[in-house]
Amino acid sequence: MIRFYSFLFFLFLSILPILKIWPDPVEFYDLPKLVGEKSYELKLKEMEIERKKVDIDSRNLRYLPSVNLEHSPFFESLRGDGYNRKGWNTSLNLNWNFQDQGNTVLTNMIMELEYERLLLEYRALYQKELFDQAFQYAETLKLLAFYDYDFSNESDADKQFQTVQKLYKQGIESYLVTQNSKVDYFFYKYNVIKSRLDQQKSQSIFRRKFLLKDVALKQIPEREYKILPLESTLSEYEKNLTDLNFDIILTVNQVKILEIQKMVRFNELWVPDFFVNVYNQSSRESYSGLSGTWANSMEVYDYSRNDFSRYARSSDADFNVGGNFGFRFPLFNRWLSKNEFDKSKIEIKLAKSQSQFLRENTGLYLFELIQQHNNLVELYDISRESKRIAEENYQIMEKAYKTGSASVIELQTVDRRLRDVMRNEIQNRYDLIQLRLQIGLLLGDTMKFLNNN
């Protein structure tokens, strides 16, 4: 029994390294979750949001007046006068500047808009990261399909070349046919090596983004994609681009920030600087030493030294309490403030112009993408039908070749046509998936057009 458990233990130890190098399976529709968990750029943006949230949480403290407490003890040794002096001064000042309070209200509004902008940037970055990884996922699968296709081509071309070579040795086929078969074999062999290199590069990009040593990409489920009606699709999404496209949303947010910054400049230009200042000052001194004169009331006769001396005195503290208020109105600096105010108005016009241009440009881009999509759907349908017909033609030609009614050259011609059609079908399928990802990204939801027809 002990031997049996020992055998199981050592078997587990031998399998453990294999389990560690087993590739991580990844499904296409799990990418949204994977991006949220693995994206380094998103983690950096999250930390930036947390830092801004600290400022948001403390924004109410900015409304408090300026309060300064100063306490300064001192000690002086006046050797020429023959005594020492020590004590302390304390002052408490409260200052309330109404212009600063107005700017604080506006600054907090800007801070809240900046926080909202960071959240929007996070969502936009998430969609961009998801698009990049989904696009790369589809690209890798396409290159893997090309590799399998080219590997199958190489294997078939090798068999065909061996067959033709035997027929050539038997005198049935010509030297030219044999050389053509050889050229076909090396052509497909070259494609196999190139396809393997391309898919390795593509898969490396996908792995490094998520820090995965090895992955096994599962196939995207086959589905039939329909043509998007041009007019109805544009009318549905074009009017809501301001609420869907993150680039446009961010420009609108920037316009709001600039408008509040213009109010700050207006405040600095026209609102007088009203202020209130309240203060409380106190001080206390004490003296010690020997020399002195009758003229100073703080001197008494020291019988232990037979001399008039300053004695260690702790006088009562002196208090001063007061306050003032008024306003300051800058004269020459106003021209600088006016320049900043004028510049802020120009910046708002520029931002609004950029936002409007981006909206129109995005609408035009959406129109072009839908047109490309519909053309690609037609190409994909044609390539699938062509593949079906080419497979039937190849089967007919293969039977004719076996019965001797067709030559090898005719069979090779039909075979090449079938392989070209198969490659076109693979290319069109994944191009269609990537284009739908692009339309989804433009409308703020990368996977939207892959979750429906």
Side-chain angles (χ1 to χ4, degrees), residues 28-36 38-39 41-42 45 116-142 202 205-206 209 220-221 223-256 350-381 427-453:
F28 183 75
Y29 290 101
D30 288 340
L31 284 178
K33 179 181 177 183
L34 193 61
V35 168
K38 297 283 188 177
S39 174
E41 285 78 4
L42 285 178
K45 184 60 70 174
E116 177 186 338
R117 182 179 184 84
L118 284 175
L119 295 178
L120 290 171
E121 288 176 350
Y122 180 85
R123 293 170 56 195
L125 179 62
Y126 172 78
Q127 293 297 330
K128 183 64 171 63
E129 289 281 286
L130 179 57
F131 169 78
D132 290 341
Q133 290 307 98
F135 190 94
Q136 197 64 42
Y137 190 106
E139 184 70 16
T140 303
L141 285 184
K142 178 174 68 176
S202 181
I205 295 173
F206 184 86
K209 190 74 174 181
I220 302 174
R223 62 187 310 167
E224 184 175 353
Y225 297 111
K226 299 178 182 179
I227 289 178
L228 297 174
L230 186 61
E231 296 297 331
S232 60
T233 306
L234 282 176
S235 62
E236 179 182 356
Y237 293 109
E238 198 171 21
K239 61 184 179 183
N240 298 321
L241 280 177
T242 307
D243 301 322
L244 296 175
N245 183 267
F246 282 108
D247 291 334
I248 300 176
I249 295 173
L250 287 172
T251 59
V252 173
N253 175 272
Q254 183 64 22
V255 170
K256 293 179 181 178
L350 178 61
K352 287 182 177 180
S353 175
Q354 291 174 341
S355 178
Q356 181 63 26
F357 172 79
L358 183 60
R359 188 184 185 286
E360 294 177 1
N361 186 66
T362 304
L364 179 61
Y365 188 39
L366 176 62
F367 173 78
E368 293 174 351
L369 286 180
I370 293 174
Q371 279 189 326
Q372 294 175 25
H373 170 271
N374 293 342
N375 292 333
L376 198 52
V377 169
E378 293 181 6
L379 282 178
Y380 182 48
D381 293 339
Q427 181 77 47
N428 291 333
R429 176 173 182 255
Y430 287 104
D431 285 352
L432 184 57
I433 291 173
Q434 291 171 334
L435 188 58
R436 285 211 162 205
L437 287 171
Q438 203 166 0
I439 296 174
L441 176 66
L442 192 69
L443 298 176
D445 186 356
T446 301
M447 306 292 283
K448 179 181 179 62
F449 288 90
L450 290 173
N451 295 326
N452 54 48
N453 291 332

Review point. Do the side chains of Gln438 and Leu369 get nearer than 4.5 Å, heavy atoms only?
Key: yes
Review point. When you look at OH of Tyr29, are more than 12 heavy atoms from neighbouring residues, nucleotides or ligands closer to it than 6.0 Å?
Key: yes
Review point. Would you say the side chain of Asp431 lies within less than 4.5 Å of the side chain of Gln434, judging by non-hydrogen atoms?
Key: yes
**Study point:** From CG (Asn374) to CD1 (Ile370), nearest 0.5 Å
**Key:** 7.5 Å
Practice item. Please tell me if the side chains of Lys45 and Leu118 come closer than 4.5 Å, counting only heavy atoms from C-beta onward. Key: yes
Review point. Does atom CD of Glu368 have more than 12 heavy-atom neighbours from other groups under 6.0 Å away?
Key: yes
Point to revise | Any side-chain donor near an acceptor of the partner, Glu360 and Gln356, under 3.5 Å | key: yes
Check your understanding: What pairs with Tyr430 under ring-ring contact (aromatic ring centres under 6.0 Å, His included), at least two apart in sequence or on another chain?
Key -> none
Check your understanding: Is there a donor-acceptor contact under 3.5 Å from the side chain of Arg436 to the main chain of Phe449?
Key -> yes
Using a 3.5 Å cut-off and no angle test, enumerate the donor-acceptor pairs between side-chain atoms of residues 248-256 and protein atoms at least two apart in sequence or in another chain.
from, atom 1, to, atom 2, distance (Å)
Thr251, OG1, Ile248, O, 2.6
Thr251, OG1, Ser355, OG, 3.1
Asn253, OD1, Arg117, NH1, 3.4
Asn253, ND2, Leu113, O, 3.3

Review point. Side chains of Glu129 and Ser39: donor-acceptor distance under 3.5 Å anywhere?
Key: yes
Exercise for review: Identify the two heavy atoms, one from Ile433 and one from Ala138, that lie closest to each other, and give their separation to 0.1 Å.
Suggested key: CG2-CB, 4.2 Å
**Study point:** Side chain proximity check, Ile220 to Leu141, heavy atoms < 4.5 angstrom
**Key:** yes
**Study point:** From CZ (Phe206) to CG (Leu34), nearest 0.5 Å
**Key:** 6.0 Å
Practice item. Return the minimal non-hydrogen interatomic distance between Asn245 and Leu442, and the atom names on each side. Key: ND2-O, 2.8 Å
**Study point:** Minimal non-hydrogen separation, Leu379 against Asn428, with atom names
**Key:** O-ND2, 3.6 Å
Review point. Closest approach of Glu41 and Leu125, non-hydrogen atoms and distance?
Key: O-CD2, 3.6 Å
**Study point:** Heavy-atom pair of closest approach, residues Gln127 and Gly444
**Key:** CD-O, 3.6 Å
Review point. Going through the distances and angles, do Leu366 and Leu443 end up as a side chain to side chain contact (heavy atoms under 4.5 Å, CB included)?
Key: CA-CA 9 Å; Leu366 176 62; Leu443 298 176; 4.2 Å; yes
Review point. Would Tyr380 and Glu224 satisfy side chain to side chain contact (heavy atoms under 4.5 Å, CB included), going step by step from the backbone distance to the final call?
Key: CA-CA 10 Å; Tyr380 182 48; Glu224 184 175 353; over 6 Å; no
Practice item. Quick one: pull up CG in Leu376 and OH in Tyr225 and give me the separation to the nearest 0.5 Å. Key: 11.5 Å
Study note, to complete from the structure: Rounding to 0.5 Å, atoms OG1 (Thr446) and CG (Leu441) come to a distance of 4.5 Å
Point to revise | Interatomic spacing from CG in Leu228 to OG1 in Thr233 - rounded to 0.5 Å | key: 5.0 Å
Review point. Out of His373, Gln427, Gln372, which one pairs with Leu432 under the side chain to side chain contact (heavy atoms under 4.5 Å, CB included) rule?
Key: His373
Review point. Less than 4.5 Å apart, any side-chain heavy atom of Lys448 and any of Ile439?
Key: no
Review point. Roughly how far, to the nearest 0.5 Å, is the OH atom of Tyr126 from the CG atom of Leu42?
Key: 8.5 Å
Which side-chain N or O atoms in residues 237-244 pair as donor and acceptor under 3.5 Å with protein atoms at least two apart or in another chain?
from, atom 1, to, atom 2, distance (Å)
Asn240, ND2, Glu236, O, 3.3
Thr242, OG1, Arg359, NE, 3.3

Exercise for review: Specify the closest pair of heavy atoms between Ala134 and Leu31, including all atoms of both residues, with the distance to one decimal.
Suggested key: CA-CD1, 3.6 Å
